[in-house]
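Encoded as structure tokens, the structure appears first; notes follow it.
Note that these values count all heavy atoms, side chains included, but never hydrogens, waters or copies made by symmetry. This one's a predicted model, so the numbers in the text were calculated from it and none came from an experiment.
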Amino acid sequence: MLEETLMKHVKKISQQKDMANKSQMIVKGCVDFFSFQRASLFSYSCLTGMGEGICACTSEDTFSLHNVRENIHDIYPIHQAVIHNKPLYLTIQHAKSSIPAKYVKRFSISSLAIIPIIVNDLAIGLVLVDPIHTNEPVTKNDLMKLSHYLKLAVSSTFDSAPPTYLLSKREVEVLQYLANGMGLKQMAPKMSVSEFTVRDHISSAIRKLGVNHRTEAVAVAIRHKMII
């Protein structure tokens, strides 16, 4: 019965047109159908290493994480999870010693599970989940079930429309500049980065959108109202 209800939820996610609502439904599924008290969704760029918060959900509330931005490569266990494309569970001791103290304090983090979001063998995001029972370890089976759900949820989204909600702010920014007719030399000073970094953001956006070139990426972004 749970599996049937879960699949209905995945179908609803695929039918949702609003990207903000879609991302909220994904994290809500982690809480409603699994033994987790909170789920947090982040975008991730393998080129820059940056992870950017999108939204989080508890049984009582859903809230934005857009003010959370961190280089994932500096947080060892999360980096390991995304580069190896494997879920990872952190005990209370491990979480508190490896997750930046400012986040442990702000979000009252105890034990934590890290689930990479994979599209076409590329990590494009991740979900962090807090178990309901912090003293009971999350089993490998629990992690695989949650990972399977996230794969279905994101894949169903990707089949009907690219997961544009997983693009970083910088990736959206370069697509807007491309739409405005700007080149790398014009973008770099406006973004206070090198031309190489601008090119990396463009390449990352193209991969996440599942397209082949810049023009197609801009067209997809305009169609899904990410840029104007």
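Although no hydrogens or angles enter the test, the distance criterion places no donor-acceptor pair under 3.5 Å between the side chain of S147 and the main chain of L143. Listed for the E70 side chain is no donor-acceptor partner under 3.5 Å among the backbone atoms of I72. A donor-acceptor pair is defined here as one N or O able to donate and one able to accept, closer than 3.5 Å; no such pair exists between the side chain of E195 and the backbone of L184. Using modelled atom types, no side-chain atom of N180 and backbone atom of Y177 make a donor-acceptor pair closer than 3.5 Å. Looking at R38, its side chain never comes within 3.5 Å of a backbone N or O of L128 through a donor-acceptor pair. A side-chain donor-acceptor contact under 3.5 Å links K22 to the backbone of I13.
When ring centroids are compared, Y149 and F34 come within the 6.0 Å threshold.
V10 and I117 fall within the same hydrophobic cluster, defined by Ile, Leu, Val, Met, Phe, Trp and Tyr side-chain heavy atoms under 4.5 Å apart, directly or through other members. The hydrophobic clustering, which links ILVMFWY residues whose side-chain heavy atoms are closer than 4.5 Å, places M182 and I222 together. Residues L88 and L112 share a single hydrophobic cluster, defined by chaining ILVMFWY side chains whose heavy atoms lie under 4.5 Å apart. Transitive grouping of hydrophobic side chains (ILVMFWY, heavy atoms separated by less than 4.5 Å) brings V198 and L209 into a common cluster.
Using modelled atom types, one finds a donor on one side chain and an acceptor on the other under 3.5 Å when comparing S204 with E171. A donor-acceptor contact closer than 3.5 angstrom is absent between the side chains of T197 and D200.
Atom CG of L90 and atom CD1 of I99 lie 5.5 Å apart (nearest 0.5 Å).
Atom OH of Y76 is surrounded by 12 or fewer heavy atoms from other residues, nucleotides or ligands within 6.0 Å. Applying the 6.0 Å contact sphere to NE2 of H148 captures no more than 12 heavy atoms from other residues, nucleotides or ligands.
Here the options are L146, V154, L150, the test is side-chain contact (heavy atoms from CB on, under 4.5 Å), and the partner is V127; only L150 passes.
We find that K8 and E4 are joined by a salt bridge, their nearest charged nitrogen and carboxylate oxygen being less than 4.0 Å apart.
At a threshold of 4.5 Å between non-hydrogen side-chain atoms, the residues E52 and Y44 do not count as touching. Contact of the I206 side chain with the R214 side chain is registered, since non-hydrogen atoms from C-beta on lie closer than 4.5 Å.
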